[in-house]
Every structure is written in structure tokens, then in C-alpha cells.
Amino acid sequence: MTQINLYYPLWKRYLPVFAIQLKKALSEDQVINLTKSDLDTLGNRKKADYTFSLEIANSKVKNNISGSPVARDLFEVLMTSPKIKELLVDNHFKMSLGKAYILKITSLKQPVAVSETDAEIKETSAD
């Protein structure tokens with residue numbers, strides 16, 4: 001029998017950090033250093049590692065995380081915070097945890113390009 005929400009305590013502890021790091025990630029990649037013991041004390045993965053990739057666009061998971069309870073719990077905890085949920089609504093983030101226990105947060109949202117027409121309008125109105 002699998003346990004549900006094993007990693008909730010870990011992600012809940014980091015929730016205030018996620019709020020800050022997600023906002024900062026809009027301008028540059030962010031990292032959160034975790035430790036093996038953070039995950040080992042909660043998890044039951046003796047031989048497997050905890051690596052995952054979680055892609056969230058418009059508050060929805062865009063990749064398959066069904067095989068990763070670590071990623072599933074992270075997403076569920078993120079969605080409990082109104083502040084974080086608001087950030088996730090109009091943005092596209094990728095969160096990935098590697099073997100070195102570094103959680104990387106990247107914004108995948110493309111910056112809005114100023115079209116040539118918009119630039120011409122601004123130049124004309126400045127005259």
C-alpha cells in the first residue's frame with residue numbers, strides 16, 4: 001500500500017521560500033538547496049532517487065508526474081497558497097530536482113516582444 005502525501009511536510013516547510021523564489025524566477029533562474037536527509041526522513045525510496053521535473057503552465061501540470069510522489073506533493077502544496085497560485089495562473093514554470101538535491105526553478109514564459117509597429121507608434125507620439 002502506498003502512502004499518500006509523504007512529502008507534504010517538506011514542501012509545506014518551504015512554502016514561504018517558494019513564494020519568493022517563483023517571483024524571482026520570472027527574471028532569472030532560482031535554486032533551492034535541499035539535502036538527502038530532507039527527503040530520506042519522509043520517503044521510502046531506498047534505491048531510487050528523488051529526481052523529477054514538474055512543468056506548470058497556467059496553474060496546470062503540463063508533464064506526466066504520476067510516477068513521482070515527490071513532484072505530485074509539491075504541486076499540491078503549491079496550489080494551497082493563494083499567493084503562489086496567483087503567480088502560477090499567468091506564468092509557465094519548470095521545477096526540477098536533480099541528483100545533487102538542488103531544486104531549480106525556471107520561468108518558461110516568453111517575454112512579450114515589442115512589435116515594430118508598437119515601437120513606431122511610440123516614436124511618433126514622442127515627436
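Between atom CG of residue Leu10 and atom CG of residue Leu34 there is a gap of 6.0 Å, rounded to the nearest 0.5 Å. Rounded to the nearest 0.5 Å, atoms CD1 (Ile56) and CG (Leu74) are 6.5 Å apart. Between atom NE2 of residue His92 and atom OG1 of residue Thr106 there is a gap of 10.5 Å, rounded to the nearest 0.5 Å. Atom OH in Tyr7 sits 6.5 Å away from atom CG in Leu39 (nearest 0.5 Å). Here the CZ atom belonging to Arg72 is positioned 11.5 Å from the CG atom belonging to Leu54, to the nearest 0.5 angstrom. Taking NZ of Lys23 as the start and CG of Asn91 as the end, the distance is 11.0 Å to the nearest 0.5 Å.
Taking both residues in full, the closest heavy atoms of Tyr50 and Asp40 are given as OH-OD1, 2.7 Å, listed atom of the first, atom of the second, then distance. The two residues Asn63 and Ser53 make their nearest non-hydrogen contact at ND2-O, 2.6 Å. When all heavy atoms are compared, the tightest approach of Gly67 to Pro69 is O-CD, 3.5 Å. Counting all heavy atoms, side chain and backbone alike, Ser107 lies closest to Phe93 at CA-CD2, 3.9 Å. The minimum heavy-atom distance linking Lys36 with Tyr101 is given by the pair CG-OH, 3.3 Å. Between Asn58 and Asp90, the shortest heavy-atom contact is OD1-CA, 3.8 Å.
Listed by chain and residue number, Asp29 satisfy the salt bridge (Lys or Arg N to Asp or Glu O under 4.0 Å) test with Lys104 (two or more places apart in sequence, or in another chain).
Residues in residues 56-65 take part in no salt bridge (charged side-chain N to carboxylate O under 4.0 Å, His left out) pair, two or more places apart or across chains.
No continuous path of ILVMFWY side-chain contacts below 4.5 Å connects Phe75 to Val89, so the two sit in separate hydrophobic clusters. Grouping the Ile, Leu, Val, Met, Phe, Trp and Tyr side chains by contacts below 4.5 angstrom, directly or via other members, places Val77 with Met79. Val31 and Val70 are assigned to two separate hydrophobic clusters, defined by single-linkage of ILVMFWY side chains at heavy-atom distances under 4.5 Å. The hydrophobic clustering, which links ILVMFWY residues whose side-chain heavy atoms are closer than 4.5 Å, places Leu26 and Leu88 together.
The shortest side-chain heavy-atom distance between Met95 and Leu78 falls under the 4.5 Å cut-off. In this structure, Lys94 and Ile105 have side chains that are not in contact, with every pair of non-hydrogen atoms separated by 4.5 Å or more. Proximity of Pro9 to Leu42: side-chain heavy atoms (C-beta onward) are separated by under 4.5 Å at one or more points.
Looking only at atom types and distance, the side chain of Gln21 has no donor-acceptor partner in the side chain of Tyr14 under 3.5 Å away.
For Glu76, the CD atom is densely surrounded, since the number of other residues' heavy atoms within 6.0 Å is greater than 12. Counting non-hydrogen atoms of neighbouring residues, nucleotides and ligands closer than 6.0 angstrom, the NZ atom of Lys12 exceeds 12 such neighbours.
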Residues Leu22, Gln30; criterion side-chain contact (heavy atoms from CB on, under 4.5 Å); working and verdict: CA-CA 8 Å; Leu22 282 165; Gln30 298 296 307; over 6 Å; no

CA sep, side-chain torsions, deciding dist, call: Val61, Glu55, side-chain contact (heavy atoms from CB on, under 4.5 Å): CA-CA 6 Å; Val61 176; Glu55 196 172 324; over 6 Å; no

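Between Phe18 and Trp11, the angle of the ring planes lies from 30° to 60°, which puts this pair in the tilted group.
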